[in-house]
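Okay, so here's the structure we're looking at.
Computed over heavy atoms, backbone and side chain alike; hydrogens, waters and symmetry mates excluded. Protein chains get the first letters and strands the later ones, always in sequence-line order, with residue 1 at the start of each.
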Amino acid sequence: MSQNKDRYSFFEDVYAVVKLIPKGRVTSYGSIAHYLGTRGSARMVGWAMNQAHTDPDVPAHRVVNRNGVLTGKHHFATPTTMQSLLQQEGVVVTEDQIQNFDQHFWDPSVELT
DNA sequence: ACACTGACCACTG
DNA sequence: CCAGTGGCCAGTG
(Lines give C-alpha, C1' and ligand atoms only; values in the text may rest on other atoms or scores of the structure.)
Protein backbone atom coordinates (compact mmCIF):
# COMPACT_ATOMS: atom_id res chain seq x y z
CA MET A 1 0.00 0.00 0.00
CA SER A 2 1.24 3.47 0.73
CA GLN A 3 2.21 5.72 -2.06
CA ASN A 4 4.77 5.00 -4.72
CA LYS A 5 7.43 6.71 -2.70
CA ASP A 6 10.87 5.25 -2.49
CA ARG A 7 9.93 3.30 0.56
CA TYR A 8 12.41 0.59 -0.39
CA SER A 9 13.85 -1.01 2.66
CA PHE A 10 14.74 -4.36 3.95
CA PHE A 11 11.49 -5.58 2.57
CA GLU A 12 13.29 -5.57 -0.75
CA ASP A 13 16.15 -7.58 0.72
CA VAL A 14 13.73 -10.02 2.28
CA TYR A 15 11.99 -10.54 -1.04
CA ALA A 16 15.31 -11.03 -2.78
CA VAL A 17 16.45 -13.68 -0.30
CA VAL A 18 13.14 -15.51 -0.31
CA LYS A 19 13.17 -15.56 -4.10
CA LEU A 20 16.61 -17.16 -3.92
CA ILE A 21 15.36 -20.05 -1.81
CA PRO A 22 15.89 -23.23 -3.88
CA LYS A 23 12.94 -25.47 -4.55
CA GLY A 24 12.38 -28.03 -1.85
CA ARG A 25 14.20 -25.87 0.69
CA VAL A 26 12.92 -23.80 3.57
CA THR A 27 14.29 -21.12 5.83
CA SER A 28 13.28 -19.21 8.92
CA TYR A 29 12.34 -15.60 9.47
CA GLY A 30 15.14 -15.16 11.97
CA SER A 31 17.75 -16.56 9.58
CA ILE A 32 16.77 -14.05 6.95
CA ALA A 33 16.75 -11.25 9.47
CA HIS A 34 20.08 -12.43 10.82
CA TYR A 35 21.47 -12.56 7.28
CA LEU A 36 20.37 -8.99 6.78
CA GLY A 37 22.11 -8.20 10.04
CA THR A 38 19.07 -7.54 12.16
CA ARG A 39 17.91 -10.27 14.48
CA GLY A 40 15.07 -8.23 15.96
CA SER A 41 13.56 -7.57 12.58
CA ALA A 42 12.48 -11.18 12.42
CA ARG A 43 8.95 -10.00 13.13
CA MET A 44 9.18 -7.56 10.29
CA VAL A 45 10.24 -10.40 7.99
CA GLY A 46 6.91 -12.00 8.68
CA TRP A 47 5.21 -8.70 8.06
CA ALA A 48 7.19 -8.42 4.83
CA MET A 49 5.66 -11.71 3.80
CA ASN A 50 2.31 -10.09 4.25
CA GLN A 51 3.34 -7.50 1.72
CA ALA A 52 4.97 -10.25 -0.32
CA HIS A 53 1.50 -11.53 -0.89
CA THR A 54 1.40 -8.90 -3.62
CA ASP A 55 4.52 -10.40 -5.20
CA PRO A 56 3.86 -13.89 -6.71
CA ASP A 57 7.60 -14.34 -7.14
CA VAL A 58 8.03 -14.55 -3.39
CA PRO A 59 7.55 -18.15 -2.23
CA ALA A 60 6.41 -17.30 1.26
CA HIS A 61 5.49 -20.94 1.74
CA ARG A 62 9.20 -21.68 1.92
CA VAL A 63 9.54 -19.44 4.92
CA VAL A 64 8.66 -20.88 8.30
CA ASN A 65 9.57 -20.11 11.88
CA ARG A 66 12.73 -21.34 13.59
CA ASN A 67 10.83 -24.33 14.86
CA GLY A 68 10.04 -25.54 11.35
CA VAL A 69 6.37 -24.89 11.97
CA LEU A 70 4.12 -23.35 9.35
CA THR A 71 3.15 -20.39 11.49
CA GLY A 72 1.98 -18.29 8.58
CA LYS A 73 -0.07 -20.93 6.82
CA HIS A 74 -3.21 -19.20 8.02
CA HIS A 75 -2.24 -16.14 6.00
CA PHE A 76 -2.32 -17.96 2.69
CA ALA A 77 -5.30 -18.32 0.42
CA THR A 78 -6.27 -21.39 2.38
CA PRO A 79 -4.80 -22.93 5.57
CA THR A 80 -3.65 -25.87 3.47
CA THR A 81 -2.03 -23.91 0.65
CA MET A 82 1.32 -23.62 2.38
CA GLN A 83 1.53 -27.28 3.30
CA SER A 84 0.38 -28.35 -0.15
CA LEU A 85 2.98 -26.21 -1.89
CA LEU A 86 5.73 -27.56 0.34
CA GLN A 87 4.67 -31.15 -0.25
CA GLN A 88 4.59 -30.47 -3.97
CA GLU A 89 8.23 -29.53 -3.69
CA GLY A 90 9.06 -32.72 -1.86
CA VAL A 91 8.96 -31.36 1.66
CA VAL A 92 7.28 -33.60 4.18
CA VAL A 93 4.91 -31.68 6.40
CA THR A 94 2.93 -33.18 9.24
CA GLU A 95 0.65 -31.29 11.62
CA ASP A 96 2.04 -28.00 10.28
CA GLN A 97 5.48 -29.27 11.26
CA ILE A 98 8.20 -29.82 8.66
CA GLN A 99 9.83 -33.22 9.01
CA ASN A 100 13.62 -33.40 8.71
CA PHE A 101 13.59 -29.64 8.97
CA ASP A 102 17.36 -29.59 9.38
CA GLN A 103 17.70 -31.32 6.00
CA HIS A 104 15.43 -28.85 4.24
CA PHE A 105 16.75 -25.86 6.11
CA TRP A 106 18.38 -23.31 3.82
CA ASP A 107 20.45 -20.69 5.58
CA PRO A 108 21.14 -17.64 3.37
CA SER A 109 24.15 -16.58 5.43
CA VAL A 110 25.60 -20.04 4.76
CA GLU A 111 24.37 -20.90 1.26
CA LEU A 112 24.91 -17.40 -0.08
CA THR A 113 27.98 -16.96 2.08
C1' DA B 1 1.43 12.99 16.12
C1' DC B 2 1.05 8.84 19.51
C1' DA B 3 0.38 4.00 20.62
C1' DC B 4 -0.29 -0.62 19.52
C1' DT B 5 0.14 -4.48 16.80
C1' DG B 6 2.43 -8.05 13.92
C1' DA B 7 3.56 -14.83 9.94
C1' DC B 8 9.72 -13.93 15.43
C1' DC B 9 14.05 -14.92 17.98
C1' DA B 10 17.32 -14.70 21.68
C1' DC B 11 18.74 -13.43 26.15
C1' DT B 12 18.03 -12.93 31.21
C1' DG B 13 15.98 -14.17 35.78
C1' DC C 1 14.77 -26.00 33.23
C1' DC C 2 10.73 -22.81 32.49
C1' DA C 3 8.91 -18.17 32.12
C1' DG C 4 9.17 -13.45 30.99
C1' DT C 5 10.69 -9.43 28.51
C1' DG C 6 13.24 -6.84 25.09
C1' DG C 7 14.31 -5.56 20.34
C1' DC C 8 13.90 -4.45 15.61
C1' DC C 9 10.84 -1.86 11.34
C1' DA C 10 6.84 -0.56 9.34
C1' DG C 11 1.85 0.01 9.02
C1' DT C 12 -2.68 1.00 10.81
C1' DG C 13 -6.16 2.97 14.31
**Study point:** Nucleotide forming a Watson-Crick or wobble pair with C:dG13, both distances under 3.5 Å
**Key:**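 By the stated definition (distances under 3.5 Å), B:dC2 pairs with C:dG13.
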Spacing of the [atom1] atoms in [M] and [N] (rounded, Å):
N	M	atom1	value
C:dG6	B:dC4	C1'	16 Å
B:dC8	C:dC1	C1'	22 Å
B:dA7	C:dA3	C1'	23 Å

Check your understanding: Is the closest side-chain donor-acceptor distance between A:Thr81 and A:Ser84 under 3.5 Å?
Key ->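 Per modelled atom types, A:Thr81 and A:Ser84 side chains form no pair under 3.5 Å.
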Check your understanding: Once each nucleotide of nucleotides 7-12 of chain B is scored for protein heavy atoms under 4.0 Å, what B/S/- sequence comes out, 5' to 3'?
Key -> BBSS--
Is a side-chain N or O of [X] found less than 3.5 angstrom from the main chain of [Y], in a donor-acceptor match?
X	Y	value
A:Ser41	A:Met44	no
A:Glu89	A:Arg25	no
A:Arg62	A:Ile21	yes
A:His104	A:Gly24	yes

Practice item. Return the value, rounded to whole Å, for the distance between atom CG of A:Asp13 and atom C1' of C:dC8. Key: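 Rounded to the whole Å, the gap is 15 Å.
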Point to revise | Atom NE2 of A:His34: over 12 foreign heavy atoms under 6.0 Å | key: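 No, because the 6.0 Å sphere around NE2 of A:His34 holds 12 heavy atoms or fewer from other groups.
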